[in-house]
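First the proteins, then the strands, lettered A, B, ... as listed; each starts at 1. These figures come from a predicted structure and were not determined experimentally.
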Number of protein chains: 2
Amino acid sequence: MRIGELSRATGVPVPTIKYYLREGLLPQGELTSPNQASYGEPHVRRLRLIRALVEIAQVPVAQVKEILESLDSDAVPLHEQIGRAHRALTPRRKPTASDEAREAAAAQVTGVISSRGWSVEPEAPALTTLIETVAALRTLGQDNLVTFLDAYAEAVERFTELEIEAVSTNPTRDQLAESVVIGTILGETLISSLRLLAQESISANRWKKL
Amino acid sequence: MRIGELSRATGVPVPTIKYYLREGLLPQGELTSPNQASYGEPHVRRLRLIRALVEIAQVPVAQVKEILESLDSDAVPLHEQIGRAHRALTPRRKPTASDEAREAAAAQVTGVISSRGWSVEPEAPALTTLIETVAALRTLGQDNLVTFLDAYAEAVERFTELEIEAVSTNPTRDQLAESVVIGTILGETLISSLRLLAQESISANRWKKL
DNA sequence: CGTGATGGATAGTAGCAGTATCCATAAACG
DNA sequence: CGTTTATGGATACTGCTACTATCCATCACG
């Protein structure tokens, strides 16, 4: 398969494929002559994965690269794979909230975490995001939303278990790793859109005349 | 309050405030002389809201503008406010999946929606995202994740009800509208980070040695 | 052999979210 | 009152990201 066919098979423009090759997202094809390479089925699958992460989940290209690298080296423990997927989903945040607000939010968040019995390392990127978010909601006068944090956590735990269940059906470690990463990232988009749909239909009934 | 104090009160640099003023995100201050304006408490709150949407929820500035405009005009029905918030959360997507894949995904998705008894208009931005995502998961060989779609929908519905509940405690229509918009958008970040934390702790126990 | 694709390198682009600079005026301080 | 500092408003510039476009010296194919 040459680059043009790869392009036709996936719908990705040739220059874009070249760009991914340059950036190391897509492994080089096998050179049959100094300036002629051939690509195979793995390239097609890899390219589809890249596009799904970039287009559907809006993951930055640089992060996609990191994720793919860790998927390729089976030396990386599963736990670290998940960590990278998480980092891909949680952009670096410079603290927005005031110190007191963050202090208070952190207290509530750690309270919820321990009451749910979760074990979370204090470095987890999602932790700072959650704290910042709670602090922001408070600052914006949306305390009523925050009071339900515990209930949210419970509901969220429920479908997270479902996901882990679904992903665990994979036989090999490599497939498991890939599933975990894809599930973590595309699952985010999946749940987010389900939420919006649920919201639309519940709110439609509730506030028809407002 | 002059612009410097506004900046100190919110931690937002003066040039950035000027930028938001230019872009119409932040209403002009009251001019006390041809080149001197004064800002008030509403500006502080508005600025905090802008920053929360931009920094925490990563909403593009242009969308924030749209949302704020619809919040300001009480002529916009609540339902349309929600629509705008949803559009802020679902970037324009050009179709990625093949026609057959999308067809199949659409069938499953509408199945889930009707089995849950949701009423969703076919134009809903989240609907196309969901369909694309399901199609992508299938194409990537992650059917096991997709088979749980119904169960996900149920779990998601549960906490969406919680959110609607929380938001409904607002007395006035204006406050309700603001809460709905903030809740929709920051709630996304909130749930997303809760999910990642749950994932981390559940998966840590499950795959310790992989 | 001529036409068109290819690999590889380098340069250019569009959009986004600010930053930086200027300037004429106003405010605050000594 | 004079000097330093801040302000409103306009315009220009920057850094980053994700591509696109162009070139050119080969290949491949009919």
Side-chain angles (χ1 to χ4, degrees), chain A residues 1-40 43 47 49-68 87-89 91-94 96, chain B residues 1-40 43 47 49-68 87-89 91-94 96:
Chain A
M1 208 189 309
R2 293 208 314 292
I3 202 171
E5 304 171 68
L6 184 56
S7 166
R8 252 162 279 130
T10 57
V12 179
V14 172
T16 305
I17 297 178
K18 285 185 170 187
Y19 166 63
Y20 292 152
L21 286 166
R22 271 204 306 283
E23 295 296 311
L25 294 198
L26 196 60
Q28 225 67 35
E30 206 188 334
L31 282 176
T32 60
S33 50
N35 68 340
Q36 215 67 195
S38 91
Y39 307 88
H43 291 93
L47 196 45
L49 176 52
I50 295 171
R51 286 262 107 179
L53 298 181
V54 168
E55 299 225 295
I56 297 183
Q58 320 273 159
V59 176
V61 168
Q63 310 266 35
V64 172
K65 184 182 178 187
E66 256 195 64
I67 291 168
L68 294 177
R87 255 169 275 134
L89 289 176
R92 292 264 156 285
R93 291 174 203 289
K94 40 180 164 11
T96 304
Chain B
M1 207 191 310
R2 291 210 315 291
I3 202 170
E5 303 171 68
L6 183 56
S7 165
R8 250 162 281 129
T10 58
V12 179
V14 171
T16 304
I17 297 178
K18 285 185 170 187
Y19 166 63
Y20 292 153
L21 286 167
R22 272 204 306 285
E23 295 296 311
L25 294 197
L26 196 60
Q28 226 66 35
E30 206 187 335
L31 283 176
T32 60
S33 50
N35 68 341
Q36 216 67 193
S38 92
Y39 307 87
H43 291 94
L47 196 45
L49 175 53
I50 294 170
R51 286 261 108 180
L53 298 182
V54 167
E55 299 225 293
I56 297 182
Q58 318 274 162
V59 176
V61 168
Q63 310 267 35
V64 172
K65 184 183 177 187
E66 258 195 63
I67 291 168
L68 294 178
R87 254 169 276 135
L89 290 176
R92 288 267 156 283
R93 290 175 202 289
K94 41 180 166 9
T96 304

Might you point out which heavy atoms bring [X] and [Y] nearest each other, and give the distance in Å?
| X | Y | answer |
| --- | --- | --- |
| B:Gln28 | B:Tyr39 | C-CE2, 4.4 Å |
| A:Val61 | A:Val54 | CG2-CG2, 4.3 Å |
| B:Thr32 | B:Ser38 | CG2-CB, 4.3 Å |

Original post:
Base, sugar-phosphate alone, or nothing: which one does A:Leu31 contact when heavy atoms must sit under 4.0 Å apart?
Top reply: sugar-phosphate
**OP:** Select base, sugar-phosphate, or nothing to describe what A:Gln28 touches, counting heavy atoms under 4.0 Å on all strands.
**Re:** sugar-phosphate
Nearest whole Å is fine: how far is [N] [atom2] from [X] [atom1]?
| X | N | atom1 | atom2 | answer |
| --- | --- | --- | --- | --- |
| B:Ile3 | C:dT19 | CD1 | P | 14 Å |
| A:Ile17 | D:dA21 | CD1 | P | 15 Å |
| B:Leu21 | D:dG8 | CG | P | 8 Å |
| A:Lys18 | C:dT6 | NZ | P | 9 Å |
| B:Glu23 | D:dT11 | CD | C1' | 14 Å |
| A:Glu55 | D:dA18 | CD | C1' | 11 Å |
| A:Arg22 | C:dT10 | CZ | C1' | 9 Å |
| B:Glu5 | C:dA27 | CD | C1' | 12 Å |

Subject >> 5' precedence on DNA chain C between A:Ser33 and B:Thr32 (nearest-nucleotide basis) >> reply: A:Ser33
Polar pairs (N or O, both sides) under 3.5 Å between protein and nucleotides 14-17 of chain C?
from   : atom 1 : to      : atom 2 : distance (Å)
C:dA17 : OP1    : B:Val61 : N      : 3.4
C:dA17 : OP2    : B:Val61 : N      : 3.3

**OP:** Check the pair B:Thr10 / B:Arg51 against side chain to side chain contact (heavy atoms under 4.5 Å, CB included), numbers first and verdict last.
**Re:** CA-CA 9 Å; B:Thr10 58; B:Arg51 286 261 108 180; over 6 Å; no
Closest to the [X] side chain: [options]?
| X | options | answer |
| --- | --- | --- |
| A:Tyr39 | D:dG8, C:dG7, C:dT10 | C:dG7 |
| A:Thr16 | C:dG18, D:dT20, D:dA28 | D:dT20 |
| A:Ala37 | D:dT7, C:dA26, C:dG7 | C:dG7 |

**OP:** Run the numbers on B:Gln58 and A:Gln58 for side chain to side chain contact (heavy atoms under 4.5 Å, CB included), then give the verdict.
**Re:** CA-CA 12 Å; B:Gln58 318 274 162; A:Gln58 320 273 159; over 6 Å; no
Subject >> Side-chain donor/acceptor contact of B:Arg2 with base of D:dT5 under 3.5 Å >> reply: no
**OP:** For A:Pro15 and for A:Asn35, find the nucleotide of DNA chain D with the closest heavy atom, then tell me which residue's nucleotide is more 5'.
**Re:** A:Pro15
Original post:
Near B:Glu5 CD, under 6.0 Å, is it more than 12 heavy atoms from other residues, nucleotides or ligands?
Top reply: yes
Original post:
What do the steps show when you test B:Arg8 against B:Met1 for side chain to side chain contact (heavy atoms under 4.5 Å, CB included), and what is the final call?
Top reply: CA-CA 11 Å; B:Arg8 250 162 281 129; B:Met1 207 191 310; over 6 Å; no
